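Each residue takes its place number in the sequence, starting with 1. Below, all heavy atoms of this structure are taken into account, side chains as well, without hydrogens, waters or symmetry copies. Computed from a prediction, not measured in an experiment: that's the story for all the values here.
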Amino acid sequence: MRKPSHVFDRDDDWDALVDFAADPQPRATLGVVSGRRRQGKTYLLSALAAELGGFYFEAAQGTEAESLRMLGAEVARRIGAPAPLSFADWYDALAAVFGIAGDSPTLVVIDEFPYLMKANPALPSLLQRAIDQHAQGGRTSLARVLICGSAMSVMGSLLAGTAPLRGRAGLELIIQPFDYRLAAQFWGVTDPKLAAMLHAVVGGTPAYRREFVRDDAPSGMADFDSWVERTVLNPRRPLFREARYLLAEETDVRDAALYNSVLAAIAAGNATRGGIANYLGRRAADISHPLTVLEDSRLIAREPDAFRDGRSQYLIAEPLIAFYQAVMRPEWRSLELGEAGRVWSDAKPRFESQVMGPHFEKLCREHAMLAGSELFGSPAGRVSAGTVADPDNRTQIQVDVVALAPSQPAQPKKLLALGEAKWGDVLDMRHLSRLRRARNLLAAKGFDTEDTVLIGYSGAGFDEQLRTEARSRHVRLVGVDEMYEPA
């Protein structure tokens, strides 16, 4: 079935959902769809239900009795009943939902499932029992049930460990934000540098263009500052408070002040567990739970160091939160008073160092993963950052982009590439020398560096001497324009 033209991209997601809905198995099946808010899950699933003639129910925050009444009304409309159905409990309600399916596979979507779970935590167990009952002969439903939600910590726990629904789902789909190239297309931005700066503020979340700024996209680099002031720093636009709501909407967040401080620590450049704890004035053990919840909620990500086992750095996964912590939170009262121009003028250095710089490094790692075959001759197994100890100089070399080949048994780790990423600096021979030093140190540690490519990423350009060096097959320079070339 072809995807409707009004659904931008999401081709793989659409195909996976259609395949699930058309599953020919003669029994009920279950799928789980999740993703952070504003990614277009509801838009996608409602379009799917409309195309397939399926049943779609979107839950609301409310009591169990109210939710059952709302579901009863939707089921009645579906089957053409003269009055809303009355359900005594979820056992009756699920029986009716599964009964919607006739003698052919029928899509049934229950959106915002965590709202229903909050009112009745036993709902996953009841759903598991219904699935099992309708997988047996004599009481078979061909319902293709999709449950969906945005509370990532809740949705992630549905199929984990000893959860009731573990082993029952035939589909687990996470709707991701658009990658940086798709985001530029979605916003209609053709200037690569502007696209990178825009992505550092709003990322790849579709709703931030449509509903949150009413299709107001910056017209060019000269309009970027004005766009920031009239949209994300404008207290009359929904985008202004969105970063705060993203945290508040996570049901497992108990102490909002502590979680905000953890995010502020990461945004300020404290990427390790110890660094975050020191920033907060707490022991590392005290922040284990907040870090786990934020990671489960997909608001932060933990990236293992490429060279140091057991060491990781934490990154803010939602660009808008990083922007809020670095630019907006310190001046919140002034922004509420309408001083966006003054605040943004003062905050630009923080934006460059705390937001744009780290975000550009992340985009470069993403580019290395996407363009690995072109850059260094073969796809990467893993791309991350890494720290190389330099004992002779009593220092450490921070490498922004490390591409490793897929592991091979009994073979040394093959180092495909080492990269330096600088958004606001022109790269020169000093940067290349650091990468060469790191490569030599890693070779001495047993890494296979014979074909390692040294890559310079820059948003500001490269000096002539470095460009001359780039004629070597082991040196590559990648500007923002090249990063945004079609894959």
Side-chain angles (χ1 to χ4, degrees), residues 28 30-39 41-42 45-46 49 54-79 81 83-100 107-134 141 143-166 168-169 172-175 244-256 259 289 293 296-299:
L30 174 70
V32 177
V33 179
S34 61
R36 297 207 313 271
R37 292 196 181 279
R38 330 301 187 221
Q39 304 308 321
K41 300 182 301 300
T42 294
L45 292 177
S46 58
F55 173 77
Y56 178 87
F57 172 68
E58 183 176 2
Q61 289 180 310
T63 64
E64 180 177 17
E66 182 185 24
S67 296
L68 289 171
R69 278 199 299 271
M70 294 172 66
L71 180 59
E74 289 296 328
V75 173
R77 274 192 284 270
R78 169 72 185 201
I79 64 177
L85 303 185
S86 178
F87 301 133
D89 50 32
W90 275 108
Y91 182 83
D92 288 346
L94 289 174
V97 167
F98 278 80
I100 289 173
L107 180 67
V108 174
V109 179
I110 302 177
D111 203 354
E112 297 296 358
F113 190 73
Y115 290 160
L116 304 178
M117 280 182 62
K118 187 173 183 179
N120 187 340
L123 188 53
S125 295
L126 298 175
L127 181 57
Q128 172 244 311
R129 184 166 68 171
I131 289 285
D132 290 348
Q133 288 174 341
H134 287 283
S141 166
R144 304 296 178 243
V145 181
L146 284 175
I147 57 176
C148 178
S150 303
M152 295 300 293
S153 55
V154 175
M155 297 301 294
S157 68
L158 289 175
L159 305 179
T162 59
L165 293 175
R166 180 172 174 80
R168 266 70 178 189
E172 184 178 11
L173 178 63
I174 300 177
I175 305 299
R244 289 188 164 196
Y245 293 156
L246 288 173
L247 184 62
E249 288 167 345
E250 284 298 328
T251 57
D252 285 352
V253 171
R254 297 290 183 263
D255 184 352
Y259 285 75
H289 182 68
V293 171
D296 289 345
S297 303
R298 303 296 179 99
L299 297 180

- Can you label the angle between the His134 ring and the Phe98 ring as parallel, tilted or perpendicular, going by 30° and 60°?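 Rings of His134 and Phe98: parallel, under 30°.
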
Can you tell me how far [atom2] of [Y] sits from [atom1] of [X], rounded to the nearest 0.5 angstrom?
{"X": "Leu85", "Y": "Glu74", "atom1": "CG", "atom2": "CD", "result": "11.0 Å"}
{"X": "Leu126", "Y": "Ile131", "atom1": "CG", "atom2": "CD1", "result": "12.0 Å"}
{"X": "Ser157", "Y": "Met152", "atom1": "OG", "atom2": "CE", "result": "11.0 Å"}
{"X": "Trp90", "Y": "Arg129", "atom1": "CH2", "atom2": "CZ", "result": "14.0 Å"}

For [X] and [Y], indicate whether the former's side chain and the latter's backbone hold a donor-acceptor pair under 3.5 Å.
{"X": "Ser141", "Y": "Ala143", "result": "yes"}
{"X": "Asp92", "Y": "Ala95", "result": "no"}
{"X": "Gln39", "Y": "Arg37", "result": "yes"}
{"X": "Lys41", "Y": "Ile174", "result": "no"}
{"X": "Arg78", "Y": "Gly54", "result": "yes"}

- Query: Phe55 and side chain to side chain contact (heavy atoms under 4.5 Å, CB included): which partner among Val109, Ile110, Val108, Leu107?
  - Reply: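 Of Val109, Ile110, Val108, Leu107, side chain to side chain contact (heavy atoms under 4.5 Å, CB included) with Phe55 is met by Val108 alone.
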
Nearest heavy-atom neighbours spanning [X] and [Y]:
{"X": "Ser67", "Y": "Ala60", "answer": "OG-O, 4.2 Å"}
{"X": "Gly62", "Y": "Ala119", "answer": "O-CB, 3.8 Å"}
{"X": "Pro114", "Y": "Cys148", "answer": "CD-O, 3.9 Å"}
{"X": "Leu68", "Y": "Phe87", "answer": "O-CD1, 3.7 Å"}
{"X": "Pro164", "Y": "Gln128", "answer": "O-CG, 3.2 Å"}
{"X": "Ala76", "Y": "Ala83", "answer": "CB-O, 3.4 Å"}

- Chi angles and distances behind the side chain to side chain contact (heavy atoms under 4.5 Å, CB included) call for Leu146, Tyr56: CA-CA 9 Å; Leu146 284 175; Tyr56 178 87; over 6 Å; no

- With the threshold set at 4.0 Å, does a side-chain nitrogen-carboxylate oxygen contact exist between Glu112 and Lys118?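 Salt bridge absent between Glu112 and Lys118.
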
- Item | Note: Arg69-Glu66 ion pair, threshold 4.0 Å (strictly below) |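 No salt bridge links Arg69 with Glu66.
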
- Task: For Arg244, check side chain to side chain donor-acceptor pair (under 3.5 Å) against everything at least two apart and list the hits.
- Result: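 With neighbours one apart ignored, the set is Tyr324.
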
- Step by step, work out the side chain to side chain contact (heavy atoms under 4.5 Å, CB included) result for Ile147 and Leu116. CA-CA 11 Å; Ile147 57 176; Leu116 304 178; over 6 Å; no

- Query: Heavy-atom distance under 4.5 Å between the side chains of Phe113 and Leu158, does that happen here?
  - Reply: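 The answer is yes; the side chains approach within 4.5 Å.
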
- Message: In the structure I gave you, are the side-chain heavy atoms of Val97 and Phe57 within less than 4.5 Å of one another anywhere?
- Response: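 Side-chain contact under 4.5 Å: no.
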
- So Arg36 and Leu246, side chain to side chain contact (heavy atoms under 4.5 Å, CB included) or not? Walk me through it. CA-CA 9 Å; Arg36 297 207 313 271; Leu246 288 173; 5.7 Å; no

